[in-house]
Structure formats: C-alpha cells, structure tokens
Amino acid sequence: SPKKAAAAASTSAELDALADHETPKLKRRFIASLGFLLVLMYFSMGHMMWGWPLPRWFDGNHIAMGLVQLLLAGIVMVINQKFFINGFKGLVHRSPNMDTLVAMGSMASFVWSTYALFAMTGAQVQGDMDAVMSYMHEFYFESAAMILTLITVGKMLESISKGKTTDALKSLMKLAPKTAVLLRDGKEVEVGIDQVKKGDHFIVRPGENIPVDGVVLEGTSAVNESALTGESIPVDKEAGDRVSAATLNQSGFLTCEATRVGEDTTLSQIIQMVSDAAATKAPIAKVADKVSGIFVPAVICIALATIVIWLFAGESVGFALARGISVLVISC
C-alpha cells in the first residue's frame, strides 16, 4: 500500500544515514598502502637484510634505488593524505592532535630522506663512494610509509568497532512496524505508524508485530518480547496488561489502546540510547584527547631540544636532524 511504501522509504533513508561508509574507505586505503609499502620494504631492506635479489639495473645504482623509494613513499603519503590535512590543520589552529604527530613524523622522515638523496647525487658526481653509502643509510622512506600504514590499521579497526554499533542500531530499527490497524467508528483503518496518536485503539492479529506501546483492552494472547527483553518464552497477555512496540503477537486477537507513540515507545528509547552511546566518547577516549593535547606539543619540543643539544655537542646538522626526526617517528 502507499502508506507501507512511504514508511519503508522513510526507514530506508534512516538506515542509509546509519550506513558505515568509513570502514570500506579505510580498508581500501590500507590495502593500497600495504601493497606499495611491501614493494618499498623489498627495495629498501630486502637486499640489505635478507639478500633478496634486485633487477640488475640497480646494481651499484644507488640513486635509482633512492628514487624508487621516494616514489613509493610519496604514493603512500598521497593515499593517506587525510593525516596531513587533519594534522597540519590542528597545528595551524594551535590544537595539535595525534594526526599532527603522525603527519610531522612521516613528513620529517620523507623530507630528510629526500635531502639525503640529493646530497647523494652530489657525492656521486664527485666520486665519493663512501659518502654515497653513508647517505644510503640516511634513507627513512620506509619509515615515512610504515607510520602511515600502521596508523591506518588502527583507524580501520576503530571504524569496524563503530560499524558494529550501527549494525545493532539498524537491526533495532528494522524491528519497528511500519503501519498500524486502527479502529475508527467501528471500522478497521490501516495508517502509517507516524499517524498513530496516544489514545487511539488498534488491533493486532496473530503473527503481527505490535505497532506502538499500549494496554490491552480486549482479548488474550501470548506475546514474544524477546526483541526487547531477550526472553524467548512468550508472555501471556490479557485485558489490562501492557504491550510494547516491535513485540510479536503469537496466538490471539488483541484490541489495545495506544499509550506511547513515536519517539516515546520503548523501542524508540532503546534506539536513542544506543545511538547516543555510539556518538558519545568513552571516558578513556576523553582522557586520551586530554593527554594528546599535552603529549603532542611536548614531543615536538623534545624533538627540537634534541636537535639543538646535538648541535651544541658539536655534531653536524644532518646528524642532529636525524636524531630529532627519530624522536618524532618513535613517538608516533
């Protein structure tokens, strides 16, 4: 009927609003990041640690090795650009967050490695192979990509957890009846559930869901309330007993009076409570936010202090920068 179609369309729109769009995006980001990261790790670490073979063209061609790593790390950074957008926005607005730390650590690794690559080209031109090999060990491209990929795993797991909550909400919403049969002037009239008012008399046949909360006026039946209570044994109902929306009338014919409709029904209140719980941060998450507000600026200060201390200790700028970057990377 048109009423059922309209009610179904309304429910469908509500379910679409609850649909988990974030998890599929994060899964795609993770799979793409992991694919490029594995290739990057093969080129950066495989031949050094496990002696994995590389194409002959790369034999002694350290600059080409560096360029391949730069391209692969750059691709992973583009895939995970949200970290940089959110992180640097937080920095600009003077409210750094954990994304700020991830973005700074990854960016610092990438920038320093790019500098080392360009410095390596100068050493190669001069024929200083010792310097070339030294710069080769200053590449942190795989660290820049690894940080982003690992944090994406965490974001994905968090999103999956939230998705389970919205799945529970959608299951609850599907339980809600779409129409009700009212008694008006002795006639049965089917109306959309949103048209039922407090005090209306409605009937429920065997096998139908009870549309709104009410009290039994006539009839006896066994009502399955497991959708709300979890109790699988049906509860006997007779005149004067209360019934709840979304419970199943199993055996008898009931005439009831609506006592709570719309957002006041027990089912609607459960849905609202679960929705509020899903949208509200847990106490430990609030603590994490407060900690990150202190932790991130502290780490940035420690990284800067590390660079300054090593410079005062007489080390080169490159050495000092590498140690400062290490603080950022490890903190991620």
Side-chain angles (χ1 to χ4, degrees), residues 22 26 29-30 33 36-37 40-41 44-45 66 69-70 72-120 134-135 137-159 281-332:
E22 192 64 22
L26 285 168
R29 260 174 62 184
F30 167 64
S33 299
F36 286 107
L37 175 64
L40 174 56
M41 292 299 292
S44 63
M45 306 296 291
Q69 293 179 44
L70 181 144
L72 290 169
I75 291 169
V76 175
M77 292 171 78
V78 171
I79 291 170
N80 294 282
Q81 60 187 276
K82 270 199 167 183
F83 286 120
F84 299 96
I85 294 168
N86 296 336
F88 289 121
K89 269 185 182 176
L91 201 60
V92 169
H93 295 144
R94 296 182 182 179
S95 57
N97 49 41
M98 293 309 289
D99 282 352
T100 305
L101 201 59
V102 173
M104 290 188 70
S106 180
M107 184 61 77
S109 300
F110 185 82
V111 170
W112 171 250
S113 302
T114 304
Y115 162 76
L117 177 59
F118 276 86
M120 177 193 283
S134 174
Y135 283 122
H137 291 293
E138 295 295 326
F139 288 168
Y140 295 105
F141 289 118
E142 75 281 355
S143 298
M146 181 72 78
I147 293 164
L148 299 173
T149 306
L150 287 177
I151 303 297
T152 300
V153 173
K155 296 269 187 185
M156 183 179 71
L157 293 175
E158 182 184 4
S159 182
K281 283 193 174 183
I284 190 65
K286 292 177 181 177
V287 171
D289 285 345
K290 289 179 181 177
V291 169
S292 67
I294 302 167
F295 178 70
V296 176
V299 167
I300 294 170
C301 291
I302 293 169
L304 291 173
T306 302
I307 294 170
V308 171
I309 290 169
W310 279 114
L311 288 174
F312 275 114
E315 294 292 347
S316 66
V317 174
F319 184 94
L321 280 173
R323 271 68 198 165
I325 290 168
S326 296
V327 172
L328 289 175
V329 172
I330 293 166
S331 299
C332 287

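A distance-only check finds no donor-acceptor pair linking the side chain of Gln69 to the backbone of Gly66 [under 3.5 Å].
Closest non-hydrogen pair, Ser159 versus Leu26, comes out as CB-CD1, 3.6 Å. Taking each heavy atom of Ala103 and Phe83 in turn, the nearest pair found is CB-O, 3.7 Å. Closest heavy-atom contact between Ser33 and Ile79: OG-CG2, 3.6 Å.
Glu22 CD to Met156 CE: the interatomic distance, rounded to the nearest 0.5 Å, is 12.0 Å. We find the CE-OG1 distance between Met107 and Thr114 to be 9.5 Å, quoted to the nearest 0.5 Å. Remark: Ile300 CD1 to Leu101 CG distance equals 7.0 Å, nearest 0.5 Å. The distance from atom OG1 of Thr306 to atom CG of Leu321, rounded to the nearest 0.5 Å, is 11.5 Å. Separation of atoms CE (Met77) and CD1 (Ile75) is listed at 12.0 Å; rounding is to 0.5 Å. Atom OG of Ser106 sits about 11.5 Å away from atom CG of Asp99, to the nearest 0.5 Å.
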For residues 138-154, which side-chain donor-acceptor pairs fall under 3.5 Å, sequence neighbours excluded?
{"residue": "Glu138", "atom": "OE1", "partner": "Trp112", "partner atom": "NE1", "Å": "3.2"}
{"residue": "Thr149", "atom": "OG1", "partner": "Ala145", "partner atom": "O", "Å": "2.9"}
{"residue": "Thr152", "atom": "OG1", "partner": "Asn80", "partner atom": "OD1", "Å": "2.8"}
{"residue": "Thr152", "atom": "OG1", "partner": "Leu148", "partner atom": "O", "Å": "2.7"}

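The environment of CZ in Phe88 is crowded: more than 12 heavy-atom neighbours from other residues, nucleotides or ligands sit within 6.0 Å. For Phe36, the CZ atom is loosely surrounded, since the number of other residues' heavy atoms within 6.0 Å does not exceed 12.
Counting only residues at least two apart or on different chains, no side-chain hydrogen bond (donor to acceptor under 3.5 Å, both in side chains) pair has a member in residues 313-328. Residue pairs that meet the salt bridge (charged side-chain N to carboxylate O under 4.0 Å, His left out) test with at least one member in residues 72-95, sequence neighbours left out, do not exist here.
With contacts defined as side-chain heavy-atom distances shorter than 4.5 Å, the pair Leu70/Leu117 qualifies. In this structure, Met104 and Leu91 have side chains that are in contact, with non-hydrogen atoms separated by less than 4.5 Å.
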